[in-house]
Structures are given as structure tokens and as C-alpha cells.
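Note that this is a predicted model, so its numbers are computed, not measured.
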Amino acid sequence: LAALIRNIGDFCLYVYDLGDNFRHSIKLLEIIDDDSQDCDLIEGRGACPPEDSNGLENKGNRGYEELLALYKKKPKSAAVKQALQDASRNAINYSSPWMGPPRKFKPDSFDLNFHRNMMKMM
């Protein structure tokens with residue numbers, strides 16, 4: 001990343017899973033004089049899409065985007081409840097033991113401490 005984003009305000013776009021085309025923006029907010037070479041996560045927004053779900057219902061990122069839109073409009077609808085339940089049960093990033101105890105998939109949540117701990121494990 002240091003070769004791509006060098007100055008405050010620089011950003012790059014990152015595509016995770018070329019099949020599903022989940023797009024992320026990474027922006028350099030601050031440069032700290034520190035020789036530790038450690039990387040820190042300072043904020044995030046929203047939950048990670050369900051891993052190996054093919055974006056829900058085999059629609060890639062469009063399926064996930066549709067779920068998020070429906071979740072915002074009708075969070076208690078049967079379709080949303082079923083999708084959240086399926087993701088919590090089947091997606092490896094919510095159900096696998098290597099990630100700790102199973103977690104419920106909540107599209108609008110972001111657990112900063114969880115993700116910081118995951119980065120430390122890498």
C-alpha cells in the first residue's frame with residue numbers, strides 16, 4: 001500500500017473477490033512518525049459480506065447490495081430475517097471456529113475491536 005498511497009488524502013480502490021466484485025476504498029488519513037511498522041485499523045463501517053456466499057442468492061455484489069437496501073427499508077421482513085439467518089449459519093466468516101465463537105450477521109454493525117484482533121492474528 002505504501003507504494004500506492006503516500007500522501008494524506010491519497011486513496012486506492014481494492015476489489016475483494018473478483019467474482020463477486022466487492023469494492024473497498026482505502027484512504028490515508030494520517031502519517032505518524034513511528035518505526036514500529038505496525039498497522040492499525042481506526043474505523044470501519046458495516047459488516048463484511050458473508051464469505052463464500054457468492055453475494056447471496058448467487059448474485060455477487062448486486063445481491064448483497066439488494067439485501068442492504070431491503071434491510072434499510074424493512075429490517076424485520078421475512079426475506080431479510082431469512083437472509084441474515086442463512087448468512088449467520090453458513091458463511092465461514094460468521095460460523096467458523098477459527099474466527100472465534102459463531103456470530104450473528106448484522107449488516108449495519110462494525111466491531112472495531114474484533115477486526116483489530118483479527119489483524120493482529122495475521
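- A donor-acceptor pair is defined here as one N or O able to donate and one able to accept, closer than 3.5 Å; no such pair exists between the side chain of N7 and the backbone of D10.
- Residues F11 and I26 are members of separate hydrophobic clusters, defined by side-chain heavy-atom contacts under 4.5 angstrom among Ile, Leu, Val, Met, Phe, Trp and Tyr.
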Is there a side chain to side chain contact (heavy atoms under 4.5 Å, CB included) between Y14 and R23? Walk through the geometry before answering. CA-CA 6 Å; Y14 167 69; R23 296 170 299 245; over 6 Å; no
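- Distance check, rounded to the nearest 0.5 Å: CZ of R6 to CD1 of I31 gives 11.0 Å.
- Taking N117 as the reference, nothing meets the side-chain hydrogen bond (donor to acceptor under 3.5 Å, both in side chains) condition, with sequence neighbours excluded.
- When hydrophobic clusters are built by joining Ile, Leu, Val, Met, Phe, Trp and Tyr residues whose side-chain heavy atoms come closer than 4.5 Å, directly or via intermediates, I8 is grouped together with I5.
- The minimum heavy-atom distance linking P75 with V80 is given by the pair O-CG1, 3.5 Å.
- Annotation for A47 and K106: closest pair CB-O, 3.2 Å, computed over non-hydrogen atoms.
- A pairwise comparison of heavy atoms in L67 and A83 identifies CD1-CB, 3.8 Å as the closest pair.
- Scanning all heavy atoms of the two residues, the minimum distance from E43 to F110 falls at C-CE2, 4.0 Å.
- Here the OG-CD distance, from S77 to Q82, works out to 10.5 Å after rounding to the nearest 0.5 Å.
- Formation of a donor-acceptor pair under 3.5 Å by the R116 side chain with backbone atoms of L41 is found in this model.
- When the side chains of ILVMFWY residues are joined at heavy-atom separations under 4.5 Å, either directly or via intervening members, M119 and L112 end up in a single hydrophobic cluster.
- Between K76 and K81, the shortest heavy-atom contact is O-CE, 3.3 Å.
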